[in-house]
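Notes follow once the structure below has been shown.
All values reported here derive from a predicted model rather than from experimental measurement.
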Amino acid sequence: MSEPRHTNALIHETSPYLLQHAHNPVDWYPWGPEALRKAKEADKPILLSIGYSACHWCHVMARESFEDEETARVMNSCFVNIKVDREERPDLDAIYMTAVQLMTGRGGWPMTVFLTPDQKPFFCGTYFPKEDRHGLPSFRRVLAGVANAYEERRHKVLGDADAVTAALSASLQGGGGERGDAPALDAALLGRAAAAIAGGYDPVDGGFGGAPKFPPSMTLGFLMRAAVREGNRNYLDIVSHTLARMAAGGICDQLGGGFHRYSVDARWLVPHFEKMLYDNALIARAYLEAYLLTGDPFFQRTCEKTLDYVLREMTSPEGGFYSSQDADSEGEEGAFFVWMEGEIRSLLGEEDARLFGVYHGVTPGGNFEGKNILHVPRPAEDAAREAGVTKERLEEAVGRGRRLLFAARQRRPRPGRDEKILTAWNGLMLRTFAEAAAALGRADYRRAAERNARFLLSTLCGTGGVRRSYKDGRARFNGCLEDYACLVDGLVSLYEATFDPAWIREAARLAGEMADRFWDPVAGGFFFTAQDHETLIHRPKEFWDNATPSGNSVAALALLRLGTLMGEERWRGYAEAIFEINAGTIARHPAAFGYLLGALDFNLGPVREIAVAGDPEEASARGMLREIFGRYLPNKVVACGAPGEVALLEGRPGMPGAATAWVCEGSTCLEPAATAQELGERLGPLPRF
C-alpha cells in the first residue's frame, strides 16, 4: 500500500471522522489553541467544517471537495481550516448549528461555517457541491466569494458577524421567557400537549407529519403516559400503530435488528441507512414500554432484537457502546443492507425465495435503485393467503430465509463503525438495558448494563470531572450537561435493576457535581457547558428535545427519581425550575418537548414509592420485583434491600423470613404486602381502555 501524499494535524486525533480527513490535501486542524491562534496571527477567516462519521453527505463533500487538490489549494491559501466531529464537541455544534439555522432557515450536516478570527460566524451553509447544481453554488465559488468579501468588504463582514453573534446569544438563552404569561404546570397542560401532538398524527403510516420521518420515540413515550393518565385509547392506538409500522418498514433492519436513522419517505420504507446508538437506545425503550402497557409480545421481540443487535455489533470488549455504523459501504449508500431478487433466489431456492419474497416485499425491480430493502408490507396471514400456503409454512420459510441471508450478509464488506464511546449516549443505552433487564428478566442485559457502568465510571469519570469521549485508550474532552445527566439517569435505573446501593451513591455524587458545575443560579436551568469550560462566543442552554433529549430534560427526570429514592427534596427544586422556565414554550410547541413532558408528568404524579424490605436475590423478593417491573408504571421509584441502604427503605421494615413490600404515594402508605399477589393488589389493576 502506497504512502499517503498528504498528512495534516488531524492525524493525532482519535475520532474516526477526523481521521478520515487526516490525509486530505486540506491543511486541517482540530479545534484548539493552535488553530485559533494561527487565524488571529495570519488575520485569516476560519473555515469550520462540522460533521460526523456516519453522515452520508459528509462523505460526499469530502470526496468531491476536501480530497480535491485545487479546492484544497484555495482553502489553504485563504482560510484556517478546522474540522470538528460534532459528536465529540456538541458545544460547538450547538452554537454554530443555531447560527446556520438563523442565517439560512435550515440546518444539517456537513455544516460549513465561516468565522472571523475571534470565532464569530458571518457566512454559513451545509453541503456545497463541487459544481453548481440544484440551485446550490459550487464550493469553490463559495470559497472565492467569502475570501473576496473578507478582503474587500471587511467592515461589512465584521458588522454582520457582530449582528449574527448578538442574534445567536438571544436565541441560545433557551427557555420560554415570559414567565408571567406562562400557563400553569398542571394536568391540563399535559392534556393540551397530548392533544396537540396527536393532531399531527399520520393515520395511514403512523408517526407524525410527512417525509422525511424520524422515529418519534420520546413523543410516543409521553403519549403512553397520557393514555394512562387520561384513559384515552386513541393515544395508545397512535403509539401501537406507529411502532408496528416502524418495525415493519425498511427503517428496521429485518435481518440483524436495530433501526436506521430515519426514513426518507412517509412510509418508513427507504431509510437513511446509518445506525446511531442513541436512536436505538430510545427506540428500544419505547418498544419496551409499549410491551409493558399492552402485553403485545411483538413489541417485546422488537425491543429484544434491537438490544441484541447492540450487544452483538455495538459493544466494545471493555463494555462501552460504540457510537454508530455508517450508511455507506463499498462507496454506496445502503449496499450492505439491500438485495437483488436473483441473489435471494440463489441462496434460498425457488420455493423458499418465493415465500420469503411475498412476506418481505421482494420484487424483480426492487424498491431502492433496482434492489430490495426488506420490509413487511402485509400481515403474515395476508401474505400466506397470497402465497397459497399456511401461515405456519410461510413463517418457517421466512425464518430459514432470514438466517441464510443474515449469514450471507455477514460475509459482505461491512459499513464503517465509529468506535468512539460517548458518555451521554452510553448513559441512554445503560438505562434501556437496565430497564429491559428488570422488565424482561434478561440476565445478559443486566450484565451488559453493569459492565457498561463500571467502564464509564472507571474510564470516563475522574477527579477532573466526567469526560465526553473515549477511544484508543484516551478519554477526552470536557463532559457536557447531557453526559452528566444521562449517566446519572442510567445509574438510577441500574440501581433499580440490581439494588446495589453503590450505583445510587455514584448517581448522587455525579448529580451534585452536575449541579455545582452547570446550574445557572441567576436565571435557572443548566448550562450546556460547565463553568470551567473553554470560553466560546456564547455559553448556551438547551431545553428542546431533538434527536436526543436535551440535557435539561434528562436532568429534570433523573433528579426527580434520585431525590425520591434518596429522600432529598432539593433535587426537585432544580427540576421544577426547569419546568417553570419552559412552561410557555411547552404550551406553544409541545412536540419539541417529548422527554421533558414525561418528566413533568412524573413531577405531577402520583408517584408510586415502592420499598421492598428484604434480600433482592431471595425468592419472595424476586416474585415481588417481577410483579413491579412486569407492569407499566412509568411514575415509580423502587428500592429493595436492608433498612438504611437508601432513604426509601427507612422506616419500612420487613417481616421475619420473607420480603415485605410497602407502596406509598406522597405521605400515604398502604398496608404492607407479604406476597407478590398482595403487592399486585396494592398496585391496583392494570390499565384498561
Side-chain angles (χ1 to χ4, degrees), residues 176 182-199 208 216-236 238-239 242 282 285-286 288-290 292-294 428 431-432 435 439 485 489 492-493 496 543-545 549-565 571-610 628 631-638 664-666 683-684 686-687 689:
L185 291 161
D186 56 15
L189 175 61
L190 294 178
R192 292 192 298 272
I197 289 169
F208 302 91
S217 308
M218 292 174 274
T219 300
L220 297 179
F222 170 63
L223 285 181
M224 282 186 266
R225 290 171 173 268
V228 173
R229 179 179 285 275
E230 300 181 29
N232 189 321
R233 176 76 203 194
N234 180 50
Y235 296 156
L236 182 57
I238 289 172
V239 171
T242 298
L282 295 167
R285 200 182 305 170
L288 177 65
E289 292 173 354
L292 293 174
L293 181 54
T294 67
L428 291 172
R431 176 175 172 183
T432 300
E435 293 186 352
D489 201 39
V492 172
S493 288
E496 291 188 325
F543 295 102
W544 298 65
D545 298 321
S550 77
N552 273 282
S553 294
V554 178
L557 183 55
L559 293 178
L560 288 169
R561 299 168 69 210
L562 178 66
T564 307
L565 279 166
W571 296 127
R572 180 179 298 277
Y574 290 102
E576 290 183 341
I578 292 169
F579 299 140
E580 289 169 5
I581 291 167
N582 289 282
T585 319
I586 290 171
R588 293 190 296 275
H589 307 287
F593 292 94
Y595 202 97
L596 190 61
L597 284 164
L600 178 58
D601 182 81
F602 185 101
N603 191 51
L604 293 176
V607 175
R608 303 285 184 85
E609 300 175 13
I610 307 170
I628 296 165
R631 291 169 171 255
Y632 179 76
L633 293 170
N635 293 346
K636 70 176 183 303
V637 293
V638 186
C664 305
E665 292 181 7
L683 294 173
L686 298 175
F689 296 93

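Counting only distance, with no hydrogens or angles, the side chain of Y632 and the backbone of R225 share a donor-acceptor pair below 3.5 Å. Listed for the R285 side chain is a donor-acceptor partner under 3.5 Å among the backbone atoms of L428.
Taking 4.5 Å as the limit, every side-chain heavy atom of E609 sits out of range of all side-chain heavy atoms of E665. With contacts defined as side-chain heavy-atom distances shorter than 4.5 Å, the pair L292/E289 does not qualify. Contact annotation: the side chain of L185 never approaches that of E576 to less than 4.5 Å [non-hydrogen atoms, C-beta and beyond]. Considering only heavy atoms from C-beta on, V607 stays 4.5 Å or farther from R561 through its side chain. The side-chain heavy atoms of M224 and P634, taken from C-beta on, include no pair separated by under 4.5 Å. In this structure, R229 and L604 have side chains that are in contact, with non-hydrogen atoms separated by less than 4.5 Å. L559 has its side chain out of reach of R572: every pair of non-hydrogen atoms, C-beta onward, lies at least 4.5 Å apart. Inter-residue side-chain proximity for L597 and D545 is flagged as unmet; no heavy-atom pair is nearer than 4.5 Å.
Salt bridge status for E496 with K636: absent, with no side-chain N to carboxylate O gap under 4.0 Å.
Taking every heavy atom of both residues into account, I628 and L633 meet most closely at O-CD1, 3.9 Å. Taking all atoms of both residues into account, the shortest heavy-atom contact from W571 to G563 is CD1-CA, 3.6 Å. Looking at every heavy atom in both residues, P606 comes nearest to N635 through O-CB, 3.7 Å. Scanning all heavy atoms of the two residues, the minimum distance from A485 to A555 falls at CB-N, 3.7 Å. Contact between P687 and L293 at its shortest, heavy atoms only, is CG-CD1, 3.9 Å. A pairwise comparison of heavy atoms in A194 and A226 identifies CB-CB, 3.7 Å as the closest pair.
Of the inter-residue distances, the one linking L557 atom CG with F602 atom CZ reads 6.5 Å to the nearest 0.5 angstrom. R192 CZ to D186 CG: the interatomic distance, rounded to the nearest 0.5 Å, is 6.5 Å. One finds the CD1 atom of I578 at 4.5 Å from the CG atom of N552 (value rounded to the nearest 0.5 Å). Rounded to the nearest 0.5 Å, atoms CG (L560) and CG (N603) are 5.0 Å apart.
Under the salt bridge (Lys or Arg N to Asp or Glu O under 4.0 Å) criterion, E230 pairs with no residue, sequence neighbours left out. Applying the side chain to side chain contact (heavy atoms under 4.5 Å, CB included) rule to A587 yields the partners P183, L189; only residues at least two apart in sequence or on another chain are considered.
Under the side-chain contact (heavy atoms from CB on, under 4.5 Å) rule, S553 has a single partner from N582, L600, L596, which is L596. Of the options F222, F543, W544, a ring-ring contact (aromatic ring centres under 6.0 Å, His included) to F593 is made by W544 and by none of the others.
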List the steps, then state whether side-chain contact (heavy atoms from CB on, under 4.5 Å) holds for I197 with Y235.
CA-CA 10 Å; I197 289 169; Y235 296 156; over 6 Å; no
